[in-house]
Amino acid sequence: MNFTRSLLFFGLPGIAIIAGVYLGVPLATDHGIALIISWTAAIWLPIVTMLAWVVFQHRQSASALSFRERFWLTKPTKEAWIAIFAGFLTLQLCEILLASTGTYFAQFPFFAPPEIIPELFDPRLDISQGLASFLGVPVRGNWWLVLFWLGWLVINIGGEELLWRGYALPLQQRYFGKWAWLINGLCWNLLVHAFMRWNFLTLMPISLVIPFLVQRYQNSWIGIAIHGLGNALVLAILIPSIAGWL
């Protein structure tokens, strides 16, 4: 996967997500469709569709590699597990240090969030004191939102890591060699996450560390674990908000 194909592979779903978030969500809202449905569809339909396509292509190919071998899903080594925990802790520190940059960039027109945005994703809001709503749904007492977020995590982590790391990174490695992780990370940050471009600096550490470690150990489970642990931390805000502790 050369540079042009990398731009297309990451850029096309990125454009689809931007269109969904900035155009589709307002249109859906005007027609009475709940934000939890429209926002979820806007972000994940392009990625799920693309993942289904690459899995289908693999199964139709004459490749001698199994699904696990092709998508770098072999059992992690002891060194890989150490990298997972070290990487996770490092990235949490980086996120804390860079958290305010999203608020700063959001004030400029080019980086400004869309008109309709869930509280969880809005850089202008401080959610440390709890969430009043979650993707447009009032949180107090709505425990089903925990199950919803767990399902979101499966799609998020499984979809993104299998697609960008499991599928794309090995192809990029054939062309870019040891620097494939850098191209992969920049494309993931600047193209796929362009819909939340105010966070490009906050997302830069995770965008580079995950593909670096995945390529270093040739194992997508590293990305799945680090990405999953990071996004699961939302439960630390969501659960107390539902229970009324915050």
Side-chain angles (χ1 to χ4, degrees), residues 1-18 43 46-47 50-51 53-54 57-58 65 68-74 76-77 79-99 101-102 104-105 110-111 156-231:
M1 185 182 289
N2 60 23
F3 188 67
T4 300
R5 291 186 176 182
S6 294
L7 290 179
L8 290 173
F9 190 79
F10 287 80
L12 291 178
I15 292 172
I17 294 172
I18 288 178
I43 294 177
I47 290 178
M50 200 164 191
L51 179 61
W53 178 78
V54 300
Q57 290 295 313
H58 169 71
L65 297 177
R68 290 185 177 183
E69 293 171 328
R70 170 61 187 82
F71 286 78
W72 285 357
L73 289 170
T74 53
T77 62
E79 291 77 12
W81 281 113
I82 294 174
I84 287 171
F85 289 109
F88 172 72
L89 293 176
T90 300
L91 289 174
Q92 292 310 302
L93 177 60
C94 290
E95 185 170 344
I96 292 172
L97 295 175
L98 296 172
T101 62
Y104 172 76
F105 284 108
F110 176 77
F111 297 99
N156 179 3
I157 310 308
E160 288 215 85
E161 292 307 319
L162 287 179
L163 193 57
W164 313 130
R165 252 63 66 188
Y167 180 79
L169 187 53
L171 295 178
Q172 291 174 313
Q173 182 176 253
R174 296 178 188 176
Y175 191 86
F176 298 105
K178 65 179 183 179
W179 297 107
W181 64 272
L182 180 59
I183 303 300
N184 185 280
L186 291 176
C187 286
W188 187 37
N189 186 333
L190 302 178
L191 299 179
V192 177
H193 287 102
F195 74 99
M196 48 189 302
R197 51 190 172 274
W198 59 87
N199 266 347
F200 81 96
L201 196 56
T202 308
L203 292 173
M204 193 60 74
I206 192 173
S207 298
L208 298 179
V209 169
I210 284 182
F212 174 79
L213 292 177
V214 169
Q215 184 178 7
R216 168 68 177 80
Y217 293 95
Q218 306 280 287
N219 200 301
S220 296
W221 284 114
I222 294 176
I224 292 172
I226 295 177
H227 200 166
L229 288 170
N231 285 9

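Each residue takes its place number in the sequence, starting with 1. If you're wondering where the values come from, they're calculated on a predicted model, not measured in any experiment. Reckoned from all heavy atoms, side chains included, excluding hydrogens, waters and symmetry mates.
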Task: Partners meeting side-chain hydrogen bond (donor to acceptor under 3.5 Å, both in side chains) with Gln92 (sequence neighbours left out) - done: none
Task: Check: Arg70 side chain, Tyr167 main-chain N or O, donor-acceptor pair, under 3.5 Å - done: yes
Open item on the list: Once rounded to the nearest 0.5 Å, what's the spacing between atom CG of Leu191 and atom CD1 of Ile17?
Closed with: 10.5 Å
Open item on the list: Tell me if the centroids of the rings in Phe111 and Trp198 come within less than 6.0 Å of each other.
Closed with: no
Task: Side chain to side chain, Tyr175 and Arg5, heavy atoms closer than 4.5 Å - done: no
Task: Side-chain (Ser220) to main-chain (Leu73) donor-acceptor, under 3.5 angstrom - done: no
- [ ] Drop me the distance from Ile84's CD1 to His227's NE2, to the nearest 0.5 angstrom.
- [x] 14.0 Å
Open item on the list: Just so I know, are the side chains of Val209 and Thr90 near enough to count as touching, which here means a heavy-atom distance under 4.5 Å?
Closed with: no
- [ ] Could you tell me which residues satisfy side-chain hydrogen bond (donor to acceptor under 3.5 Å, both in side chains) with His193, sequence neighbours excluded, listed by chain and number?
- [x] none
TODO: Sequence neighbours left out, what passes side-chain hydrogen bond (donor to acceptor under 3.5 Å, both in side chains) with Asn199? Give chain and number order.
DONE: none
TODO: Please confirm whether the backbone N or O of Gly177 pairs with a side-chain atom of Gln215, one donor and one acceptor, at under 3.5 Å?
DONE: yes
Task: Residue pair Leu51 / Val54, side-chain heavy-atom distance below 4.5 Å - done: yes
Open item on the list: Aromatic contact between Phe10 and Trp164, with the criterion being ring centroids under 6.0 Å apart: yes or no?
Closed with: yes
Task: Nearest-0.5 Å distance, CZ of residue Phe176 to CD1 of residue Ile183 - done: 5.0 Å
TODO: Starting at CD of Glu69, measure out to CD of Gln218 and round the result to the nearest 0.5 Å.
DONE: 12.5 Å
Task: Side chain to side chain, Leu203 and Glu95, heavy atoms closer than 4.5 Å - done: no
Open item on the list: Nearest 0.5 Å, please: how far is CG in Leu208 from CD1 in Ile210?
Closed with: 10.5 Å
Open item on the list: When you measure from the side chain of Arg216 to the backbone of Leu213, do you find a donor-acceptor pair of N or O atoms at a distance under 3.5 Å?
Closed with: no
- [ ] Would you indicate whether the side-chain heavy atoms of Asn184 and Val214 approach each other to under 4.5 Å?
- [x] no
Task: Aromatic centroids of Trp72 and Tyr217 separated by under 6.0 Å - done: no
